[in-house]
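Each ligand, and each atom within it, is numbered from 1 in the order the structure gives. We use all heavy atoms of the structure for the numbers below, so side chains are in, but hydrogens, waters and symmetry mates are not.
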Amino acid sequence: MTRLRRVCGPEDPAIQEAAAILTSGGVVAFPTETVYGLGADGLNSKAVARIYTAKGRPATNPVILHVADAASARALVSCWPAEAQLLVERFWPGPLTLVLPAADAVPTIVRAGGTSVALRCPAHPVALGLIRAVGRPLAAPSANRSQHLSPTCAEHVASSLGEAVDLILDGGPTTAGLESTILDLSRLGARPRILRPGPISPAVLAAMLGPVDLWEGAVVTGDQQAAPGMMARHYAPRAKLELVPAGTGVTESSGRVAYVGLGSLTALPAGVRGVLLPLDAEEVGTQLYALLHELDDAGFERIVMERPPEEDAWVAVRDRLRRASAKETA
Ligand code: TXA
Ligand code: MG
């Protein structure tokens with residue numbers, strides 16, 4: 001049985017226990033403000049390799065190093081541009097990951113063989129307490145099987161990764177619900193580029209930095225490009241997810257079908273489970289993964305969801321839904 005320990009704040013003894021496991025090369029799942037991470041000592045290649053095995057993650061997909069402060073981040077890069085300083089002063093701790101040229105100290109496996117490193121300082125007392133207790137950066141992707149839904153509570157981690165994890169720190173449900181915004185500052189002299197939209201919006205970043213590109217491409221598994229982890233299909237529930245225009249509804253109810261409305265719920269045939277989410281991007285971001293997990297666990301085969309508005313505020317939710325509804329490739 002996977003061990004799950006409830007933690008209540010940065011002084012909880014469970015954090016010391018988790019730190020000891022990490023120091024000796026183990027893997028521990030822990031809460032952040034976005035999703036749960038699967039952590040290992042980020043300077044220990046063998047420990048990081050265990051993350052890849054546990055997740056079934058392709059070796060071409062690098063992992064984020066989690067740090068407790070900006071000074072620790074600076075020690076892991078070969079260059080710290082003025083934009084990085086500006087951004088971390090405003091957003092760290094918080095859901096912003098920066099991609100920068102890596103220092104030699106960053107193990108090859110963390111970078112997936114590339115020359116950059118992704119850095120993030122999570123705004124969660126348990127995550128920060130754990131990083132400080134270990135005294136080293138923690139490599140941590142989302143704590144789910146590769147290409148599946150990210151976990152927003154400890155139970156999601158246990159059902160996705162089970163025995164592959166030495167310990168799960170249970171800090172309750174996460175608050176932001178979608179993974180951090182990833183901003184690429186590694187191409188010196190080039191425009192900053194958002195590799196993954198998230199809780200910190202393109203508009204907020206552009207207001208600080210000037211024009212910012214939004215990378216909306218997708219790569220196929222195993223093909224290492226600008227954003228190696230941005231697979232076309234990702235963040236996917238087991239159920240088939242379809243996106244439809246607002247108010248469409250469904251006509252048949254064969255199989256187990258759930259319909260998710262945004263802001264209002266249209267009339268549905270008997271037997272179709274209707275779910276109403278508010279027309280509020282932040283709120284939907286917080287609830288989305290938990291809802292998809294719940295519908296999966298309840299055995300729904302088809303989830304029909306209304307497509308969110310085209311407005312900027314919805315960019316992160318739209319991105320996740322696009323990937324979650326993309327057709328399975330290989
Ligand atoms: O909110 C989050 O960012 C969560 C929590 C646990 O911190 N972490 C997370 O990690 O979502 P992961 O591994 O599931 O997603 C990180 C993404 C991957 O798509 C990966 O390819 C990309 O970041 N990434 C990591 N290092 C990179 C690098 N050096 N250059 C470009 N992309 C990178
Ligand atoms: Mg992930």
Thinking salt bridges, do Arg318 and Asp312 make one under a 4.0 Å N-O criterion?
no

Quick test of your reading of the model: are Arg193 and Asp184 salt-bridged, counting only N-O distances below 4.0 Å?
yes

Asn61 and Tyr52: which non-hydrogen atoms are nearest, and at how many Å?
O-OH, 2.8 Å

Student check: side-chain heavy atoms of Val77 and Val106 closer than 4.5 Å
no

Pairwise side-chain contact, Val272 with Val304, heavy-atom cut-off 4.5 Å (strictly under)
no

Ser142 near the Mg ion (ligand 2): N/O/S under 2.8 Å:
yes

Do side-chain atoms of Asp296 reach the backbone of Arg238 as a donor and acceptor pair under 3.5 angstrom?
yes

Counting only N and O atoms by type, is there a donor-acceptor contact under 3.5 Å from the side chain of Thr181 to the main-chain atoms of Gly198?
yes

One residue to check: Arg193. Relative to ligand 1, which of side chain, backbone, both or neither has a non-hydrogen atom less than 4.0 Å away?
neither

N or O pair under 3.5 Å between [X] and ligand 1:
X      : result
Thr32  : no
Ser180 : yes
Arg196 : yes
Tyr36  : no

Given [options], which has its nearest heavy atom closest to [atom]?
atom                    : options                       : answer
atom 13 (O) of ligand 1 : Arg120, Arg57, Glu33, His124  : Arg57
atom 27 (C) of ligand 1 : Pro62, Pro199, Ser150         : Pro62
atom 22 (C) of ligand 1 : Thr60, Ile182, Asp184, Thr115 : Ile182
atom 30 (N) of ligand 1 : Ala176, Ser116, Pro31         : Ser116

For atom CD of Glu17, decide whether the heavy atoms of other residues, nucleotides or ligands shown that lie under 6.0 angstrom number more than 12.
yes

Looking only at heavy atoms of Arg111, does any of them come nearer than 4.0 Å to an atom of ligand 1?
no

By number and element, which atoms of ligand 1 are closer than 4.0 Å to a non-hydrogen atom of [X]?
X      : result
Gly37  : 6 (C)
Ala118 : 25 (C), 26 (N), 27 (C), 29 (N)
Val117 : 29 (N)
Thr34  : 1 (O), 2 (C), 4 (C), 5 (C)
Asn61  : 18 (C), 20 (C), 21 (O)

Among Arg120, His124, Glu179, which residue satisfies the side chain to side chain donor-acceptor pair (under 3.5 Å) criterion with Thr34?
Arg120

For the pair Asp69 and Arg74, evaluate side-chain contact (heavy atoms from CB on, under 4.5 Å) and give the outcome as yes or no after the intermediate values.
CA-CA 9 Å; Asp69 50 44; Arg74 291 183 73 150; over 6 Å; no

